[in-house]
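Every number for a ligand or one of its atoms is a count from 1 in the order of the listing.
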Amino acid sequence: MQMHTDAQILMQDVSFTYDESASPALSHISAKIRQGEFVAVLGHNGSGKSTLAKLINALYIPGEGNVVVCGYDTKNEKLVWEIRRRAGMIFQNPDNQIVATVVKEDVAFGLENLGVPTEEMIPRIEQALSAVRMSKYADSAPHTLSGGQKQRVAIAGILAMEPSVIIADEATAMLDPSGRKEVLETIQMLNRSKGITVLWITHFMEEAALADRVLVVTDGKIQLEGTPAQVFDQVREMKEMHLDVPPMAALADDLRKEGMPLPGGILTVEDMVREVEKVLCPLKSAT
Ligand SMILES: Nc1ncnc2c1ncn2[C@@H]1O[C@H](COP(=O)(O)OP(=O)(O)OP(=O)(O)O)[C@@H](O)[C@H]1O
Ligand SMILES: [Mg+2]
């Protein structure tokens with residue numbers, strides 16, 4: 001049974017506890033994520049980000065409240081595979097996600113579990129590898145690939161299942177800067193060209209700055225929420241949660257305190273140069 005809702009991911013007053021003697025990992029979380037949104041999730045270690053991801057993927061079922069993904073309530077055990085196919089997850093360690101000894105077989109793995117007929121599998125694997133620009137490695141052994149390439153293979157494995165949502169739990173944390181860039185760019189491209197909804201859990205502020213919306217989780221609660229500009233302008237609140245803001249947002253905050261009339265929403269060096277120029281040379285920047 002599918003519920004009708006305008007949100008692709010709906011969390012209604014969700015609480016989750018691992019261990020009854022400890023405080024809940026998540027308490028009274030409510031959130032709505034629309035189709036095609038790119039939502040970043042920030043939060044310090046142990047704040048509850050991975051628990052949130054696993055609740056959406058139906059790996060965990062909420063103790064209280066409801067999680068509804070693509071109209072399917074995760075509490076309904078019969079829907080677990082429907083939900084996992086629609087909301088695929090990639091994790092931090094690229095090596096833990098590879099199950100086969102040949103790239104194309106690794107991408108086939110999820111399809112085999114879904115019982116997709118062989119003749120249908122081949123074009124789906126080819127399309128998925130092409131979408132992540134890994135076609136030429138279809139017959140390669142995964143261990144010969146870089147971390148970024150392995151993560152792209154993991155993404156292809158999800159794509160082959162034709163998902164509506166991709167949840168990435170610190171998918172770039174173990175990669176070098178070029179691997180991080182290629183994985184993030186791949187996900188952004190899938191978000192824009194295929195309208196796939198993205199939930200991007202990260203510790204990198206500069207990655208969160210690229211999202212449509214940012215959720216900040218602290219102590220199992222969503223403490224801040226808004227566009228990157230709205231969230232990163234709250235420098236004091238972020239510091240209280242032991243979180244950084246992008247360097248230019250912090251500098252803008254310092255300059256404002258020194259009396260420079262800078263507007264909000266400065267996240268990048270380009271934003272800073274443009275706004276400082278407006279303050280220092282108002283006539284020049286008007287022309
Ligand atoms: N399997 C588990 N059993 C018991 N407690 C757990 C388990 N997994 C997580 N926790 C606890 O639940 C809370 C939230 O953990 P979670 O892994 O969701 O945080 P996180 O934000 O993903 O952290 P990190 O940034 O370190 O990945 C923490 O207090 C953690 O210790
Ligand atoms: Mg985590």
Residues passing the salt bridge (Lys or Arg N to Asp or Glu O under 4.0 Å) test with R133, sequence neighbours excluded, are none
**Prompt:** For the side chain of R256 and the backbone of P263, is there at least one donor-acceptor N/O pair under 3.5 Å apart?
**Reply:** yes
Those residues with a heavy-atom separation under 4.0 Å from ligand 1 are Y18, A25, H44, N45, G46, S47, G48, K49, S50, T51, E170, H203
Those residues at least two apart in sequence (or on a different chain) that pass salt bridge (Lys or Arg N to Asp or Glu O under 4.0 Å) with E126 are none
Can you tell me if S146 uses its side chain to pair, donor with acceptor, with the backbone of Q149 under 3.5 Å? yes
Q) Could D95 and K150 be called an ion pair, given the rule that one side-chain N must be under 4.0 Å from one carboxylate O? A) yes
_Test your reading of the model: is there a side-chain donor-acceptor pair from S27 to the backbone of S15, 3.5 Å cut-off?_
no
Review point. Will you find, in the side chains of Q97 and Q151, an N or O donor that is under 3.5 Å from an N or O acceptor?
Key: yes
Counting only protein N/O/S atoms, those under 2.8 Å from the Mg ion (ligand 2) total 1
Under 30°, 30 to 60°, or over 60°: which ring-plane class applies to Y60 and Y18, parallel, tilted or perpendicular? perpendicular
What's the verdict on side chain to side chain contact (heavy atoms under 4.5 Å, CB included) for R274 and D271, showing C-alpha distance, side-chain angles and the deciding distance? CA-CA 5 Å; R274 188 184 62 241; D271 296 340; 3.5 Å; yes
